[in-house]
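Structure, as structure tokens:
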Amino acid sequence: MGLVRFSSGVGRFSCLVALLAAIAHGGAKAEGWQKAPPLPTDMRDLLSSISEDSNLYRLYRLYRENRDGLQKAAGRITLDQAIAMGVSSSPLLAGNVDEIQASQWSRIAITREWIPSLSVKTSDPGVLGYSTTTSSLKTKTDGNEPSETLTFKHGFSSTPYGSLSWAFLDPSRGARLNVLTAQNHSLRNKFTFTSRELILAIQTAYCTLQEALEREKDNIELFNQAIHIYVKASKAQKPAGEVSRFEAQAVSLLIARIKAHKVSIQAANSLASLINLEPGKLALPSSAPELVSPWPLSRAQSIELALEQREELQANAWDVKALMSAAQAIRNKALPSVSLASQLKRISANQQTGNLNGNVSGQLSRNSGYESFFGFTFDWKIFDGGIRSAESNAIKAKAEQSMEQGQLSRLTITRQVEDAYATFVASKILVDAARSDVAASRQSLQAALNEYNMGRGDAGTTVVQALSKLQSALESYRTLVTEQNLAIYQLNRYSATWPAQTQSLVDSQYQRWLPTALASPTPAPTRRPKTEELAPVRPSLPPGS
């Protein structure tokens, strides 16, 4: 009993020393921690030290025989390289650019309606055709027998003509142009949304993979330690209960190691999918996870920045503008439209006509010349039964619905920033505590091993508990490091700010995807239409519009 109290006292004292050392030296490993030597590279050397009848022998041999070797074959990339690969090859971003391109060409088509159009056509029988006509005329006069006259006409003719039209006054054209302009701005903001979401997804997958690999390394280290203890106890012919306890701990850690490897491969597959690697290929982080620079803004500043710059709100404002312009275009169709039209026709015919009665020969006629006209056309539907008014009001109702959706988006964005900021603050505090806990747990395990090796303690129970405590401490530390990094990445995303170098990367890729004739210097304008231009009776857009 005295030995147990002594061991517990040593553990608590060691934890306190490790905690103070970790705080003073930035979380360095506590003095005195001795890692177990690595396992033999030859499986037979290790298996020869383990009883063939044990569960550990069978499980470890099965594990060695079924290793996939995927991590060794995978390439190593940095986070910046992963983001560059994902952005440059994303089919989703390429699809967004195609949609922007379609919107721009539609807008160009409307602007070109103002340009006069010239067309050349032919009437029947074509550019040069042959036509024939036979007709019968029956006549009857009082006191006379009915008579029938059969005539024919056939020959070659050509009637090409050219038409020029100019719809210079269309009251709906300006509003329709505003619709497509607003839609184009909205699509560019949606391109920015997709880009930032992709970058955050890559950052999340990369950090998750880093965490999974570190967990796997931790489990390998702990498994090596457990095997070292187990083999040493077996060779020393310790009581069967102690040896079985160490064997059970080693089996448990081997299972955790196998599960950690599965999670690592799943995380690697997720990253490979986001950066569009070839099927069957994987990429792993080039370095261990490190804490990224802290978020510099306060909670209030982060929320204010998000509500001012988030592309969802910008896109929503432009969507409302497009709907209001569409409603105005329908109303403007009630106004008259005026066009200028002209036509020039060339007539050329060479025909023979005659009478079939009495086999009378016909006569040959030739006709050539020009026909032309020039004038203004006028189109004005004065009354349509209220159809246009109803259609316009329906679109206005959709615009108001979109405004309300914008208000919901503001609430969602605020909650996103608040949640990410809360995680950042909490993890910033907890990471230091978890790092200290790892150092203290290592020191506690070393103290328990020293006690056990000196023949004191409780038959290895304290060693097993110390191993489990170190495993739990390492898992908590890895989780908290990932949570803090992801919270900072999320704050970048949710406040609509670009991580370092990513904006220039997205801009350059946008320029490469978009044809030169349509390229613009900025892929996602963030200007908002003025509120009063959208809905004078419902000014419900966010401030700063």
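Quick note: numbers below take in every heavy atom, side chains included, and nothing from hydrogens, waters or symmetry partners.
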Please name all residues satisfying salt bridge (Lys or Arg N to Asp or Glu O under 4.0 Å) with [X], sequence neighbours left out, ordered by chain then number.
X: Arg215; value: Glu211
X: Glu290; value: none
X: Arg478; value: Glu214, Asp218
X: Arg493; value: Glu197, Glu311, Glu312

Quick test of your reading: applying salt bridge (Lys or Arg N to Asp or Glu O under 4.0 Å), list the pairs with at least one residue in [range], sequence neighbours left out, ordered by first then second residue.
range: residues 374-386; answer: Asp384-Arg388
range: residues 269-278; answer: Glu278-Lys281
range: residues 73-89; answer: none

When you measure from the side chain of [X] to the backbone N and O of [Y], does any donor-acceptor pair fall under 3.5 Å?
X: Ser402; Y: Lys398; value: no
X: Arg310; Y: Tyr494; value: yes
X: Ser90; Y: Val87; value: no
X: Ser186; Y: Ala182; value: no
X: Arg196; Y: Ala496; value: yes

Separation between CD of Gln405 and CG of Asp319, rounded to the nearest 0.5 Å:
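Answer for the CD-CG pair, Gln405 versus Asp319, is 10.5 Å.
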
As an exercise, state the distance from OG of Ser264 to CD of Gln210, rounded to the nearest 0.5 Å.
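Answer rounded to 0.5 Å: 11.5 Å.
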
Test salt bridge (Lys or Arg N to Asp or Glu O under 4.0 Å) applied to Glu113 and Arg176, step by step
CA-CA 11 Å; Glu113 289 180 4; Arg176 288 187 289 119; 2.8 Å; yes

For [X], give me all partners under side chain to side chain contact (heavy atoms under 4.5 Å, CB included), at least two apart in sequence or on another chain.
X: Phe383; result: none
X: Phe373; result: Gln343
X: Lys262; result: Gln266
X: Asn269; result: Ile265, Leu282

Answer whether the closest heavy-atom distance between the side chains of [X] and [Y] falls below 4.5 Å.
X: Trp498; Y: Asn492; answer: no
X: Ser293; Y: Ile488; answer: no
X: Ser389; Y: Asn393; answer: yes
X: Leu291; Y: Asn485; answer: yes
X: His261; Y: Ile258; answer: no

Mind checking what makes ring pair (Phe, Tyr, Trp, His ring centres under 6.0 Å) contact with Trp166, not counting sequence neighbours?
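For Trp166 the ring pair (Phe, Tyr, Trp, His ring centres under 6.0 Å) partners, ignoring immediate neighbours, are Trp114, Phe168.
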
